[in-house]
Amino acid sequence: MKSAKFLLLLLSINLVWNIVTAAAPPTCPADIESDCSTGSGEWEGEFFPGIPQIKYEGPSSKNPLSFKWYNAEEEILGKKMKDWMRFSVAFWHTFRGTGGDPFGAPTKFWPWEDGTNSLAMAKKRMRANFEFIEKLGVDRWCFHDRDIAPDGKTIEESNANFDEVVALAKELQGTKIRPLWGTSQLFHHPRYMHGGATSPELGVYAYAAAQVKKAMEVTHYLGGENYVFWGGREGYQSLLNTDMERELNHMARFLEAAAAYKKKIGFNGTLLIEPKPQEPTKHQYDWDAATAANFLRKYGLIDEYKLNIECNHATLSGHSCHHELETARINGLLGNIDANTGDPQTGWDTDQFMMDVGEATLVMLTVIKNGGLAPGGFNFDAKLRRESTDVEDLFIAHIAGMDTLARGLRNAAKLIEDGSLDELVRKRYQSFDSELGAQIEAGKADFELLEKKAIEWGEPKVASAKQELAEMIFQSAL
């Protein structure tokens, strides 16, 4: 009798265990030996089993997997933090970054990677991407076409590969996640060694157009809010063998055709140009924000495009990120920000996560003046350092980057609410708050009138700029 009861107990425990394990989602590690495949042959499981949902815990928290300053639902200056920021994860650095550099081999070997660029591997990365996005608590991502799907031997094969991965992305996005922007990779393949829109080869120009056409269609299909053009090879190595005027004309025609196609397919997203001075070319045609703005005006594209400002590109062009953002803003062209930074001791595009709270505060001052960035946002075009090789480092880097910008937003709000810095600036220009000043700013003061006033007033008194006071006020907010 006792044996029968014991046997019945074992059977009951086994039944309950089977029910529980069948109902629970798979949590086996996402390594290539794991047997967590579905009937379709695609792996489904948890890629980051040791990482919880990232939550806001406040400035006193010592938990590296928590937000200390970014509180998505908190209102700052009448807008939720998540709406000021509109954070996005960059697929290429996060899931295609290997840690390799010109002097060394890759150092990052994520447990789900199998060393191939197959369609199956592309789908696996896409699943990892969306688990990462959901655990980080953001609802936007960015991609290059060839980063999410392998290149084929023909345009048709490449498009078919792209479609297959995009179908999965569409399913995984659900209704809450969408691309902040999409773009085309027109710089990696050897066909683009002379550029895409500026290549001297007509066949390459046509191929680039076909690739952009498809990527724009996909961005539209996925609900993307913007589309970016980064012309890494749209420039020159030497003017001796370059017809610069013809290349610039060709680039303008290319961008005209892109703007026309956007309207044709009903894509309402913003088209963005991302300035960069050099690397990989010696001179890139959209060198900085001012150069890009002048190009757009010259070719009648100023109402069709805005700018995606990357902070590391700003420093490469000899400017601060704040300068580039202000240049874009006052020209009505600030559309998006690639949130990263460079190393002042290094002369190339290091794409580091922004950790400088002072720089982040200056960035957010411009964003607030701009009224926000929507439909743009902050994309983390930033990568782990070569020596950071743990999976959790992906989360730590993004958390730190988001917290840094959140602190910048809080500091910028303090400066605006205090008003001292704005008042200092107002006083510097108060002489123009006069009848003659108004005439000058309205374009109604000619040289004869100004000469008359100069003679009447004599030698002008020049006030202090109070730069140190401005810096003191700024630092007090940090």
Just one of D338, D381, D351 clears the side chain to side chain contact (heavy atoms under 4.5 Å, CB included) bar with N312, so which one? D351
Is the ring centre of H144 less than 6.0 Å from the ring centre of F187? yes
Cut-off 3.5 Å, side chains only: do T291 and D288 have a donor facing an acceptor? yes
Kindly say whether E134 contributes a backbone atom to a donor-acceptor pair with the side chain of Q53 at under 3.5 angstrom? yes
Look at the side chain of K135 and the backbone N and O of F48, then say whether any donor-acceptor pair between them is shorter than 3.5 Å. yes
Does any non-hydrogen side-chain atom of F87 lie less than 4.5 Å from one of K82? no
Between D286 (side chain only) and A292 (backbone N and O only), is there a donor and an acceptor less than 3.5 Å apart? no
Judged by atom type as modelled, is there a donor-acceptor pair below 3.5 Å linking the side chain of T183 to the main-chain atoms of V228? yes
Side chain to side chain, L186 and R233, heavy atoms closer than 4.5 Å: no
Regarding E247 and Y236, do their side chains bring together a donor and an acceptor under 3.5 Å, going by distance alone? no
So, the side chain of H313 versus the backbone of E274: is there a donor-acceptor pair under 3.5 Å, distance only? no
For the pair K68 (side chain) and N63 (backbone), establish whether a donor and an acceptor sit closer than 3.5 Å, ignoring hydrogens and angles. yes
Do V212 and Y261 have side chains that approach each other closer than 4.5 Å (heavy atoms only, starting at C-beta)? no
Before you tell me yes or no, could you show the steps for F47 and F132 under ring-ring contact (aromatic ring centres under 6.0 Å, His included), namely the whole-Å CA-CA distance, both residues' side-chain angles and the distance that decides it to 0.1 Å? CA-CA 8 Å; F47 289 85; F132 181 83; over 10 Å; no
Taking T366 as the fixed residue, which of E326, R329, H323, E324 is the one that meets the side chain to side chain donor-acceptor pair (under 3.5 Å) rule? E326
If you define the side chain from C-beta out and look only at heavy atoms, does anything of K80 sit under 4.5 Å from E75? yes
Just do the salt bridge (Lys or Arg N to Asp or Glu O under 4.0 Å) check on D139 and K176 with the steps written out, would you? CA-CA 6 Å; D139 51 15; K176 295 182 180 179; over 6 Å; no
Residue pairs passing the ring-ring contact (aromatic ring centres under 6.0 Å, His included) test with at least one member in residues 347-366, sequence neighbours excluded, are F353-F380, F353-H398
Any sub-3.5 Å donor-acceptor pair from D403's side-chain atoms to W69's backbone N or O? yes
Ignoring hydrogens and geometry, is there a side-chain-to-backbone donor-acceptor pair from R178 to Q173 under 3.5 Å? no
